[in-house]
*Asks:* 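First the structure, then my questions, so here it is.
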There are 2 protein chains.
Amino acid sequence: MNKRQATSADVAALAGVSQSTVSRSFDEKSRISAATRDRVFAAAKELGYQVNKAAQTMIKQRSDLVGLVTAGLEDPFRSEFLNQLVIEVQRQGFRPMVIDVTHNQGIDSSLQALMQYQLSGVVITSGSPSESIVQEFVSRSVPVILVNRADQESNLSGVDIVNIDNVGGGELAAKSLIQSGCENLMVVRAKASSYSSLMRTKGFIQQVSSHSAIKTLNITEVESETSDYEGGYQLAGQLLAKQEVPDGVFFCMDHIACGFMDAARKEFHLSIPQDMSLIGFDDIRLASYQSYALTTIKQCPKLVSKAVVDNLVKRLDEPSSSPMYQVVPVTLIRRDTLAS
Amino acid sequence: MNKRQATSADVAALAGVSQSTVSRSFDEKSRISAATRDRVFAAAKELGYQVNKAAQTMIKQRSDLVGLVTAGLEDPFRSEFLNQLVIEVQRQGFRPMVIDVTHNQGIDSSLQALMQYQLSGVVITSGSPSESIVQEFVSRSVPVILVNRADQESNLSGVDIVNIDNVGGGELAAKSLIQSGCENLMVVRAKASSYSSLMRTKGFIQQVSSHSAIKTLNITEVESETSDYEGGYQLAGQLLAKQEVPDGVFFCMDHIACGFMDAARKEFHLSIPQDMSLIGFDDIRLASYQSYALTTIKQCPKLVSKAVVDNLVKRLDEPSSSPMYQVVPVTLIRRDTLAS
DNA sequence: ATGAGTTGTTCATACGTATGCACAACCTTG
DNA sequence: CAAGGTTGTGCATACGTATGAACAACTCAT
């Protein structure tokens with residue numbers, strides 16, 4: 001017994017009005033007499049009427065879906081961010097459609113396929129889409145928002161950009177380590193470094209350099225094989241065996257820091273922060289747990305998500321205003337891995 | 001310059017055929033001569049044609065969207081599971097639409113609104129939908145799949161159910177603790193316990209009871225305020241202060257276990273597993289980290305996700321076959337929190 | 001050579017909504 | 001009371017696709 005959904009025509013028939021009137025009754029800014037609207041609503045309720053989004057999309061040439069494009073969902077911080085995006089997208093009246101481009105073809109063909117859905121917007125949180133495909137969205141006035149993917153001087157024209165203050169975060173980390181007396185500094189980033197990691201490293205090194213004028217500081221730059229806990233764990237194994245133990249380390253990602261910390265403690269019996277100060281980046285949940293209590297540069301996924309969706313809405317309102325570039329601030333969260 | 005998307009009519013014009021022929025060219029099981037199909041594909045490629053899913057949905061009365069309904073995305077394990085669902089849904093040719101029902105109205109009105117999208121299926125991973133709303137989906141032959149929500153004897157008719165072996169996991173935990181010599185057992189679940197936690201507890205207690213015949217065993221049942229790390233941390237504070245320290249504890253969720261462990265170590269200077277054996281449930285990532293190395297009952301989100309989507313596809317094929325009930329096995333992951 | 005069956009294509013239509021246009025009924029103002 | 005303005009409703013159409021029915025061009029067996 002495959003029941004059919006009630007349509008606006010059904011509601012119209014029951015309320016004794018035309019289909020147009022039903023449609024207009026659900027549109028705030030249409031002129032409808034209160035009496036008619038009431039009748040329509042009553043009929044709609046009785047039939048359990050729900051608008052057909054597909055039909056609506058056909059007419060409006062735009063669905064209420066927002067594509068959230070990510071490359072891989074394993075990284076817990078990435079998924080934490082994605083979740084905030086989901087919440088915010090939903091809060092502002094859209095529906096989140098998640099697209100994972102790793103277990104799939106490349107990002108470009110994935111994006112190409114997204115043209116099928118008349119999206120209200122595309123949020124790209126990882127991967128590097130080609131210019132042509134992005135242009136395709138922009139030329140059909142579908143907002144494209146890049147998160148932590150590129151600079152303001154990006155060669156992708158017409159896209160909006162939201163970044164966190166990666167450089168500032170790196171600088172903040174450097175300042176904090178130096179201030180707590182560290183002299184042999186190390187900065188760790190993942191081998192296949194993302195844009196954000198590069199910027200964080202850049203900020204860190206810049207800041208160290210500017211302090212080198214007044215104080216002698218060593219700095220080494222190191223790469224972790226992978227950008228997760230295991231990567232940090234292994235890295236510590238390789239580095240600390242050589243006895244060249246730095247006294248202050250900045251990690252571009254908390255996960256690497258936690259893995260490194262575990263290895264330093266268990267395998268090399270180092271005390272943190274007595275033997276070595278550590279600062280991470282992101283402020284993942286793990287960082288707040290007692291076993292780690294990691295001092296870190298916190299970025300707030302909630303803030304970033306809000307910035308992204310606000311941006312998207314604004315862009316839908318004014319399709320041809322100039323591209324937006326927004327930087328969300330970061331803060332230092334002081335816990336127990338920084339010598340005082 | 002708001003460009004228009006190429007339509008099948010555009011492709012038809014370029015290829016010199018009718019719109020129907022274009023449509024049929026993209027349909028595997030339509031009879032089209034190879035020559036025509038080639039011409040159509042060439043034209044489609046030249047125009048960058050992408051089918052309009054909204055129009056397709058109108059005709060087929062079914063979109064390729066699958067609704068993934070969850071209540072809250074904070075819990076990392078829940079979000080890990082959701083991510084696997086996203087991947088699997090995508091892998092099998094659908095698109096995941098995520099619906100979070102916490103930052104929203106209740107689950108029923110959220111589900112009601114989902115009728116707007118002509119979904120290919122709804123996966124419910126948390127919350128308890130009312131029978132009537134579920135019936136509404138079922139009567140429109142939209143598959144509804146409940147994950148870890150209910151028993152086979154559920155009063156919700158027409159839905160398919162996928163569970164993990166919660167009871168079996170609880171039993172396994174009990175066996176392991178008893179086998180390693182524990183006698184004063186404790187089982188911890190969250191205050192507002194979910195179906196899964198109740199089943200896990202049930203399995204644990206059952207198993208303990210059956211061993212009580214041959215050996216004297218104490219068992220206490222305890223509730224954590226919240227089902228996260230902090231809940232476990234606080235709980236340990238309350239319990240261990242009373243000096244009634246059990247020698248074997250089973251936690252319905254890893255997070256609670258980790259919080260408990262941290263508190264036991266830092267605040268009460270207990271050694272694990274010398275003073276106390278711990279077993280968790282889920283096998284979250286954190287459990288594998290050196291600082292915790294938690295012995296736990298592992299459930300595999302990948303397996304569950306596959307079961308869910310396989311089920312969904314089968315149900316779409318045979319809308320009126322009898323409801324399916326599937327139980328995904330769990331395994332014991334032995335790490336360092338179980339005395340040997 | 002005739003009829004039946006097969007293959008490949010086109011025509012026409014339906015899906016459910018939003019919206020420009022037309023128009024009737026009413027209100028306002030002089 | 002006339003002319004112009006406002007308000008509320010209906011009619012007709014467009015959006016882009018899939019698909020049943022019709023049909024033409026072949027194939028093949030009789």
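Below, read A as the first sequence line, B as the second, and so on, with proteins coming before strands; counting in each chain starts at 1. Predicted model only: the values in this text are computed from it and were never measured.
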*Asks:* Could you name each residue pair satisfying ring pair (Phe, Tyr, Trp, His ring centres under 6.0 Å) that touches residues 66-101 of chain A, not counting sequence neighbours?
*Replies:*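 Listed by first then second residue: nothing to list.
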*Asks:* Just report the end-to-end axis angle for the helix from C/dA1-D/dT30 to C/dG30-D/dC1, five pairs per end, to 10 degrees.
*Replies:*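 Roughly 30° between the end axes, to the nearest 10°.
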*Asks:* When the distance from CG of B/D27 to P of D/dG20 is rounded to whole Å, what number comes out?
*Replies:*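 Between P of D/dG20 and CG of B/D27: 11 Å.
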*Asks:* Would you list the pairs meeting salt bridge (charged side-chain N to carboxylate O under 4.0 Å, His left out) in which at least one residue belongs to residues 14-26 of chain B, sequence neighbours left out?
*Replies:*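 For residues 14-26 of chain B, and leaving out neighbouring residues, there are no salt bridge (charged side-chain N to carboxylate O under 4.0 Å, His left out) pairs at all.
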*Asks:* Under the ring pair (Phe, Tyr, Trp, His ring centres under 6.0 Å) test, which residues partner A/F41, sequence neighbours left out?
*Replies:*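 Here the qualifying residues are A/F26.
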*Asks:* Could you check whether any side-chain N or O of A/S120 sits under 3.5 Å from a backbone N or O of A/S63, counting only pairs where one atom can act as donor and the other as acceptor?
*Replies:*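 Here the side-chain-to-backbone pair exists.
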*Asks:* What are the atom names and distances for every N/O pair under 3.5 Å that joins the protein to nucleotides 7-17 of chain C?
*Replies:*
| residue | atom | partner | partner atom | Å |
| --- | --- | --- | --- | --- |
| C/dG8 | N7 | B/R31 | NH2 | 3.0 |
| C/dT9 | OP1 | B/S33 | OG | 3.1 |
| C/dT9 | OP1 | B/T36 | OG1 | 2.1 |
| C/dT9 | OP2 | B/S33 | N | 3.0 |
| C/dT9 | OP2 | B/S33 | OG | 3.4 |
| C/dT9 | OP2 | B/T36 | OG1 | 3.2 |
| C/dT10 | OP1 | B/S18 | N | 3.4 |
| C/dT10 | OP2 | B/S18 | N | 2.9 |
| C/dT10 | OP2 | B/S18 | OG | 2.8 |
| C/dT10 | OP2 | B/T21 | OG1 | 2.3 |
| C/dT10 | O4 | B/R24 | NH2 | 2.5 |
| C/dC11 | N4 | B/S20 | OG | 2.7 |
| C/dT17 | OP1 | A/Y49 | OH | 2.8 |
| C/dT17 | OP1 | A/N52 | N | 3.3 |
| C/dT17 | OP2 | A/S8 | N | 2.5 |
| C/dT17 | OP2 | A/S8 | OG | 2.6 |

*Asks:* Using the salt bridge (charged side-chain N to carboxylate O under 4.0 Å, His left out) rule, collect all pairs that involve residues 54-69 of chain B, keeping only residues at least two apart or in two chains.
*Replies:*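 Residue pairs passing salt bridge (charged side-chain N to carboxylate O under 4.0 Å, His left out), neighbours aside: B/K53-B/D64.
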*Asks:* Is there any salt bridge (charged side-chain N to carboxylate O under 4.0 Å, His left out) pair reaching into residues 110-126 of chain A, and which pairs are they, with sequence neighbours excluded?
*Replies:*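 Counting only pairs at least two positions apart or across chains, no salt bridge (charged side-chain N to carboxylate O under 4.0 Å, His left out) contact touches residues 110-126 of chain A.
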*Asks:* Only counting residues at least two apart or in another chain, list the ones meeting side-chain contact (heavy atoms from CB on, under 4.5 Å) with A/D38.
*Replies:*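 side-chain contact (heavy atoms from CB on, under 4.5 Å) list for A/D38, sorted by chain: empty.
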*Asks:* Only pairs at least two apart or in different chains count here, so list each salt bridge (charged side-chain N to carboxylate O under 4.0 Å, His left out) that has a residue in residues 313-326 of chain B.
*Replies:*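 The answer is B/D160-B/R315.
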